[in-house]
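Take a look at the structure set out below.
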Amino acid sequence: MKYHQIDQNLFIKNRAKFVASMKPNSVAVFNSNDNYPVSADTTLPFAQHRDILYLSGVDQEESILLLFPDAPYAYLKEILFLRETNEHIAVWEGEKLTKQRAFEVSGIKTVYWLTDFHKILKEVMSYADRMYINTNEHYRASVETETREARFIKWWKENYPAHKVEKSNPILQRLRSIKESEELDLLQKACDLTEKGFRRVLSFVKPNVMEYEIEAEFAHEFIRNRSKGFAYTPIIASGNNANVLHYIENNQQCKEGDLILLDVGAEYANYSSDMTRIIPVSGKFSPRQKEVYNAVLRVKNEATKLLVPGTLWKEYHLEVGKIMTSELLSLGLIDTADVQNENPEWPAYKKYFMHGTSHHLGLDTHDYGLLHEPMQANMVFTVEPGIYIPKEGFGIRLEDDVVIQKSGEPFNLMRNIPIEVEEIESLMNA
């Protein structure tokens, strides 16, 4: 890992919160992700399953976490199972966690090698009544590949059919959505790296630069500051490319007079940032571009104020829709007849602003969070309204990451990233 080691107390707290929500005499098991093959002997870069990372801090493949708070023996209450390391592995693959290092990372005292897992699990299941299985129930999830977690669940159900089944995911959806102070610090670090990349790009962009060159500038700044790179596939969309919401080709030339939509975020210690900014290729916005830009900025600022404890996600988006409708009327993009005759299922503003305004942010860019439950303090949301006008050759989206506070407006983790037209133009022409 490139990032500095995280204090094990974060993971100790996270486990304590999880086991407090478990039913009596229950076991929970969490598996790391697979190394996914490309072809021949090539694999994709390893990315840890966020749930085992959240509960243990272990950022290594072939790892298993077992939690059994009501175990009859102390050594069975929480256990890590790791791939056994040795000098040969160290030479060919690099350092892996030893049992001592695993304790230093996680705070878990009982560490076994993976070869002991089935033996220990058999003993544990003889004491327990139920198992918490860890299924993926995120509202955006669409998984076709059978994961290591899915294979374990299938195997466990076949071998322990008499035990009751519970779900870990609803517990984790609630716990992970509310951040500890250590997590907020890590998210701030990710946002600070994104700021460094953005400021680098502001001094780099000029007419005829390629979108992928801008992507490379971000990557350089992120990696040199202990990040693995992008938190998600970056969008570097010049001109009309900005009207494709998930444009990721990043292979076009940026032409004078066009705008560039930069939807980019650094990761740090597996925590995500998620920023969108608009910059003019030539270093100056046209009057019309500035007019639309400032309309989006006003919507973002007003939408941010609505993110307070007790707010319901669906009601929030209805209110943002009203704010956007007012701005689109002022811009002449829709008229009062459009609003009066709109389909309630697809309001008039959706012609120019067709996506949601906010999503949870954390270990995942689209992080855990139960959208039907009221917002709470220390939840982290993006705020990202946009106006997309293909006929005029540009689209504008602005996005910050904010922390809901107990009272008052949210705290903006991206408060230092330039967003006002005048500041962006000044920095590009310095």
Side-chain angles (χ1 to χ4, degrees), residues 8-34 48-84 97 99 102-103 105-138 141 143 146-178 363 368 370:
Q8 64 174 220
N9 286 320
L10 171 62
F11 310 114
I12 292 170
K13 284 190 290 186
N14 290 347
R15 289 194 298 277
K17 289 186 292 185
F18 183 87
V19 300
S21 298
M22 293 173 66
K23 293 182 178 180
N25 213 33
S26 300
V27 176
V29 171
F30 303 90
N31 285 272
S32 62
N33 277 333
D34 282 312
Q48 182 60 293
H49 194 297
R50 300 308 194 236
D51 291 336
I52 190 172
L53 186 74
Y54 174 80
L55 294 167
S56 72
V58 171
D59 197 356
Q60 182 174 295
E61 69 279 6
E62 297 183 64
S63 304
I64 301 174
L65 171 66
L66 185 151
L67 300 176
F68 185 16
D70 295 331
Y73 304 109
Y75 74 94
L76 295 177
K77 290 182 181 293
E78 48 181 29
I79 310 173
L80 273 175
F81 296 90
L82 305 174
R83 176 185 174 190
E84 184 171 2
L97 289 173
K99 292 182 178 182
F103 166 72
V105 167
S106 67
I108 295 174
K109 296 177 181 178
T110 305
V111 183
Y112 287 103
W113 300 131
L114 268 179
T115 49
D116 292 319
F117 175 68
H118 291 295
K119 178 183 69 175
I120 300 297
L121 182 66
K122 186 174 183 180
E123 178 184 359
V124 164
M125 296 314 298
S126 70
Y127 304 132
D129 297 324
R130 51 176 59 83
M131 166 70 85
Y132 279 83
I133 58 173
N134 194 31
T135 49
N136 185 349
E137 299 176 24
H138 190 274
V143 182
E146 187 176 52
T147 63
R148 190 181 187 90
E149 197 80 83
R151 292 196 303 275
F152 168 75
I153 291 169
K154 183 189 298 183
W155 173 88
W156 178 84
K157 286 182 175 180
E158 290 174 354
N159 285 272
Y160 296 95
H163 286 73
K164 297 176 183 177
V165 177
E166 302 289 343
K167 298 192 300 181
S168 296
N169 192 260
I171 299 174
L172 288 166
Q173 290 268 11
R174 289 187 175 88
L175 297 183
R176 278 182 48 184
S177 67
I178 302 172
L363 278 167
Y368 281 3
L370 297 170

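These values consider heavy atoms only, across backbone and side chains, with no hydrogens, waters or symmetry-generated copies. Because the structure is a prediction, the values reported are computed rather than measured.
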Any donor-acceptor pair under 3.5 Å from Ser32 side chain to Gln48 backbone: no
From NZ (Lys17) to CD1 (Ile178), nearest 0.5 Å: 7.5 Å
Approximate separation, where rounding is to 0.5 Å, of Gln173 CD and Glu137 CD: 7.5 Å
Nearest non-hydrogen partners of Ser106 and Phe11, listed with the distance: O-CB, 4.2 Å
pair Ile64-Phe152: side-chain heavy atoms closer than 4.5 Å: no
Rounded distance (nearest 0.5 Å) linking atom NZ of Lys122 with atom CD1 of Ile120: 12.0 Å
Distance (rounded to the nearest 0.5 Å) between Gln60 CD and Asn33 CG: 13.5 Å
Asp129 side chain near Lys164 side chain, heavy-atom distance below 4.5 Å: no
Tyr127 and Phe68 aromatic ring geometry - parallel, tilted or perpendicular at 30°/60° bounds: parallel
Of Ile79, Val29, Val19, Leu76, the residue whose pairing with Leu67 passes side chain to side chain contact (heavy atoms under 4.5 Å, CB included): Val19
Tyr54/Tyr368 aromatic ring centres below 6.0 Å: no
Gap between atom CG of Leu370 and atom NE2 of His138 - 0.5 Å precision: 10.0 Å
Side-chain donor/acceptor of Glu146 to backbone N/O of Arg151, under 3.5 Å: no
Close side-chain approach of Trp156 to Val165, heavy-atom, < 4.5 Å: yes
Nearest non-hydrogen partners of Ser26 and Pro69, listed with the distance: O-CD, 3.7 Å
Approximate separation, where rounding is to 0.5 Å, of Asp34 CG and Glu61 CD: 10.5 Å
Note, Leu80 side chain near Ser56 side chain (heavy atom, < 4.5 Å): yes
Residues which pass salt bridge (Lys or Arg N to Asp or Glu O under 4.0 Å) with Glu78, listed by chain and number, not counting sequence neighbours: Arg15
Sidechain-backbone polar pair: Arg83 side chain, Leu97 backbone, donor-acceptor under 3.5 Å: no
Worked check of side chain to side chain contact (heavy atoms under 4.5 Å, CB included) between Ile171 and Glu166: CA-CA 10 Å; Ile171 299 174; Glu166 302 289 343; over 6 Å; no
Considering all heavy atoms, the nearest Leu363-Arg176 contact: CB-NH2, 3.7 Å
Result of checking Asn134, Leu53, Leu55, Val58 against Leu65 for side chain to side chain contact (heavy atoms under 4.5 Å, CB included): Leu55
Any side-chain donor near an acceptor of the partner, Glu149 and Asn31, under 3.5 Å: yes
Under 3.5 Å: donor-acceptor pair, side chain of His163, backbone of Ala128: yes
Met125 and Met131, any side-chain heavy atoms less than 4.5 Å apart: yes
Backbone of Phe30 reached by a side-chain donor or acceptor of Tyr132 within 3.5 Å: no
Would you be so kind as to tabulate the donor-acceptor pairs closer than 3.5 Å made by side chains of residues 108-117, with sequence neighbours excluded?
| from | atom 1 | to | atom 2 | distance (Å) |
| --- | --- | --- | --- | --- |
| Thr110 | OG1 | Tyr75 | O | 3.1 |

CA sep, side-chain torsions, deciding dist, call: Met22, Phe18, side chain to side chain contact (heavy atoms under 4.5 Å, CB included): CA-CA 7 Å; Met22 293 173 66; Phe18 183 87; 3.7 Å; yes
Non-hydrogen atoms of Val105 and Gly57 that approach each other most closely: CG1-O, 3.3 Å
